[in-house]
Amino acid sequence: EIAADTIPSAFPQTESERVAASTRRLMLAFLITGFCALLVGATIGPLQALNYGGVDAYPALRPLLQSYYQGLTIHGVMNGYVFTFFVTCGLLVYLPARELGVTPNLTMWRACFAIMAVGALCVLYAMGDNSSSVLWTFYPPLKGSPFFYIGITLLALGSTMPLSILLQMRATWRRHRPGEITPLVTYMSLTTMLMWGLAGVGVVAELVLQLDPWSLGLISTVDPIINRTLFWLTGHPIVYFWLMPAYVSWYGLLSRQVGGKLVSDPMARITFALLMIFSLPVGTHHQFSDPGFSSIWRGILVVLTMSVATPSLVTAFTIGLSLEYAGRLRGGQGWFGWFRALPWSDPSVAGQILAAITFILGGATGIVNGSWQLNAIVHNTTFIPGHFHVTVGSVTAMTFMAITFWMVPHLTGRQLISRRLALFSVWVWFVGMTIFAIGMTWAGLYGVPRRAWVSALPHGTYHALYGAASVPLALVAIGGVLLWVASYSFFAVFFGTLLFGRRAAPPPIPFAQSFGGPASSTIDSPPNPARSASPLIRALDHIWLLTGVTALATIAAYIPILWPFLHHVTRAPGWILW
Ligand code: HEM
Ligand code: CU
């Protein structure tokens, strides 16, 4: 059972009130910073959509943006790294802290915020002065300024710091409750952060050993293929670092928000354990078109990649069934009645369910990308950004937006200024992103290249090259304009609530109860011995074993690929193409 939160007081009285108030303020700081990044990214995104529709807005933006590629770098970095990292590093500390009833190490959490903030400012500076239009993948030999690489290094390092905070909190909790099973939200957060801590090794090695010293002039050449391989060692798992926090909300909170229960606690745990193990070894599936490693390995990678689709399918079924359970409790009948009976008028619920629906298109297109032969057809076309805007661009972005609809009131004691505008924003995002993604994937099948300033071509050339794809490209532009409407409606609600929301009792965190798992247990609730849990749940609670298995599988998958690269080093000088 959850105690109702008290109204946050402007003048906390006791020590524990003071700590609780600092924890809330820090969570709010992560949230606001993350969404400020999205505000920048979502302002630029539609310009890119218009570009594909043949509308070149960039000459008019000259003093602000020198080129399409400068804007695209800012879009990818602000949305893909800054927005997601800040929100996740807030949520995955705050939710477990409240679930366990333990205070997080606030010094460490502040340091995490500060390091990422300095990193974000460095990267913003480097992108702003047009020195680093290297896109969010910063593939060498494209060469940006040291501020860019050092900023990314700080962002990456800072984003792994919640791992140690979580481990500390779990240790404190265990001292009070020896021999018990880790509560679900903490378990999901911990496996996410362990996965990310391991994954980070790739990009941190790339930056610290190669790109940082290179940009500082300490070394004069770098090896592009080794760096791409290190990048994707982190770059594939990052897609799970984007998705898993959204799954934490779907499994851990949504079933409560819709008035039911999570139908299977063990399924949630299996999903997170499998995501952790399978995420890391498959990073080189982003390199199907790169030379230099054997076709046997490419085949094995396809199989491994399809296995990482399994936990996401399990999620679809478990979340689907939890929603059905709640819908039937609410009186919904027949095949689809339960779906209509869900509380659609709650913008937080609507946002998350709509996010989950877009994931059907995201998962299906992901399977195309992950299949070697089909990948050759879609490689470097608009199909790829079409795919990941219905994963990170909607599953993550919409779930995070939906979370703010209860969390901002929860943290600030202010009511949403308009539930209707909140609902409108997520519906328009859903419709806009779906139209956009259909347009992008469809245009990709005509071979329209991604990362191309096609609108700057002479009019006749644009039509000669892409006229056949004019219908899908029009959809891209229409989707983009709808997304402007959606994001500004959302930001009106978000900032409006922070500034002008009426004072009201803050809602509690909607932690879900579940079937088949240990009862929820803060440090001061009645004991709940592990032997009551199933053997499976007990086995999955050995997080260090999972970590070891993941590390071994990763090393086994990477040695045969990296080995030949390390024996045929190429030395490329930097390129500055902008
Ligand atoms: C790339 C539009 C939101 C992450 C793109 C591209 C377009 C676009 C058209 C492809 C550009 C190209 O390949 O030349 C939009 C629109 C958005 C939006 C209209 C609505 C607000 C988001 C969100 C995220 C995101 C929410 C992530 C949280 C990215 C990334 C890239 C990208 C990582 C790749 C950049 C690159 O290729 O270097 N976006 N986007 N976008 N977008 Fe978005
Ligand atoms: Cu991948």
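Order of listing sets the numbers, starting from 1, for every ligand and every atom in it.
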What side-chain donor-acceptor pairs closer than 3.5 Å can you find for residues 291-304, not counting sequence neighbours?
{"residue": "S294", "atom": "OG", "partner": "I296", "partner atom": "N", "Å": "3.4"}
{"residue": "S294", "atom": "OG", "partner": "W297", "partner atom": "N", "Å": "3.2"}
{"residue": "R298", "atom": "NE", "partner": "F293", "partner atom": "O", "Å": "3.1"}
{"residue": "R298", "atom": "NH1", "partner": "F288", "partner atom": "O", "Å": "2.5"}
{"residue": "R298", "atom": "NH1", "partner": "D290", "partner atom": "O", "Å": "3.2"}
{"residue": "R298", "atom": "NH2", "partner": "D290", "partner atom": "O", "Å": "2.9"}
{"residue": "R298", "atom": "NH2", "partner": "F293", "partner atom": "O", "Å": "2.9"}

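Side-chain atoms of R420 and S489 include no donor-acceptor pair closer than 3.5 Å. No hydrogens or angles considered: nothing links the side chains of Q66 and N130 as a donor-acceptor pair under 3.5 Å.
In this structure, the ring of F383 has its center no less than 6.0 angstrom from the ring center of W442. For W196 and F85, the ring centers are positioned less than 6.0 Å apart.
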Measure and list all N/O to N/O distances between ligand 1 and the protein that fall under 3.5 angstrom.
{"residue": "ligand 1", "atom": "13 (O)", "partner": "R451", "partner atom": "N", "Å": "2.7"}
{"residue": "ligand 1", "atom": "14 (O)", "partner": "Y52", "partner atom": "OH", "Å": "3.2"}
{"residue": "ligand 1", "atom": "14 (O)", "partner": "Y68", "partner atom": "OH", "Å": "2.7"}
{"residue": "ligand 1", "atom": "14 (O)", "partner": "R451", "partner atom": "N", "Å": "3.0"}
{"residue": "ligand 1", "atom": "37 (O)", "partner": "R450", "partner atom": "NH2", "Å": "2.9"}
{"residue": "ligand 1", "atom": "37 (O)", "partner": "R451", "partner atom": "NE", "Å": "2.7"}
{"residue": "ligand 1", "atom": "37 (O)", "partner": "R451", "partner atom": "NH2", "Å": "3.4"}
{"residue": "ligand 1", "atom": "38 (O)", "partner": "R451", "partner atom": "NE", "Å": "3.1"}
{"residue": "ligand 1", "atom": "38 (O)", "partner": "R451", "partner atom": "NH2", "Å": "2.8"}
{"residue": "ligand 1", "atom": "39 (N)", "partner": "Q48", "partner atom": "NE2", "Å": "3.3"}
{"residue": "ligand 1", "atom": "39 (N)", "partner": "H75", "partner atom": "NE2", "Å": "2.9"}
{"residue": "ligand 1", "atom": "39 (N)", "partner": "H389", "partner atom": "NE2", "Å": "2.8"}
{"residue": "ligand 1", "atom": "40 (N)", "partner": "H75", "partner atom": "NE2", "Å": "2.9"}
{"residue": "ligand 1", "atom": "40 (N)", "partner": "H389", "partner atom": "NE2", "Å": "2.8"}
{"residue": "ligand 1", "atom": "41 (N)", "partner": "H75", "partner atom": "NE2", "Å": "2.9"}
{"residue": "ligand 1", "atom": "41 (N)", "partner": "N79", "partner atom": "ND2", "Å": "3.3"}
{"residue": "ligand 1", "atom": "41 (N)", "partner": "H389", "partner atom": "NE2", "Å": "2.8"}
{"residue": "ligand 1", "atom": "42 (N)", "partner": "H75", "partner atom": "NE2", "Å": "2.8"}
{"residue": "ligand 1", "atom": "42 (N)", "partner": "H389", "partner atom": "NE2", "Å": "2.8"}

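Atom OG1 in T271 sits 14.5 Å away from atom CE in M276 (nearest 0.5 Å).
By the side chain to side chain contact (heavy atoms under 4.5 Å, CB included) test, L243 pairs with Y240, Y247, F359, V395, T396, sequence neighbours left out.
The set of protein atoms (N, O or S) found at less than 2.8 Å from the Cu ion (ligand 2) reads H236 ND1, H285 NE2, H286 NE2, by chain and number.
Note: F35 and F490 have tilted aromatic rings, judged against thresholds of 30 and 60 degrees for the angle between ring planes.
With a 6.0 Å cutoff to the six-membered ring centre and a 45° limit on the axis angle, K143 counts as a cation-pi contact of W214.
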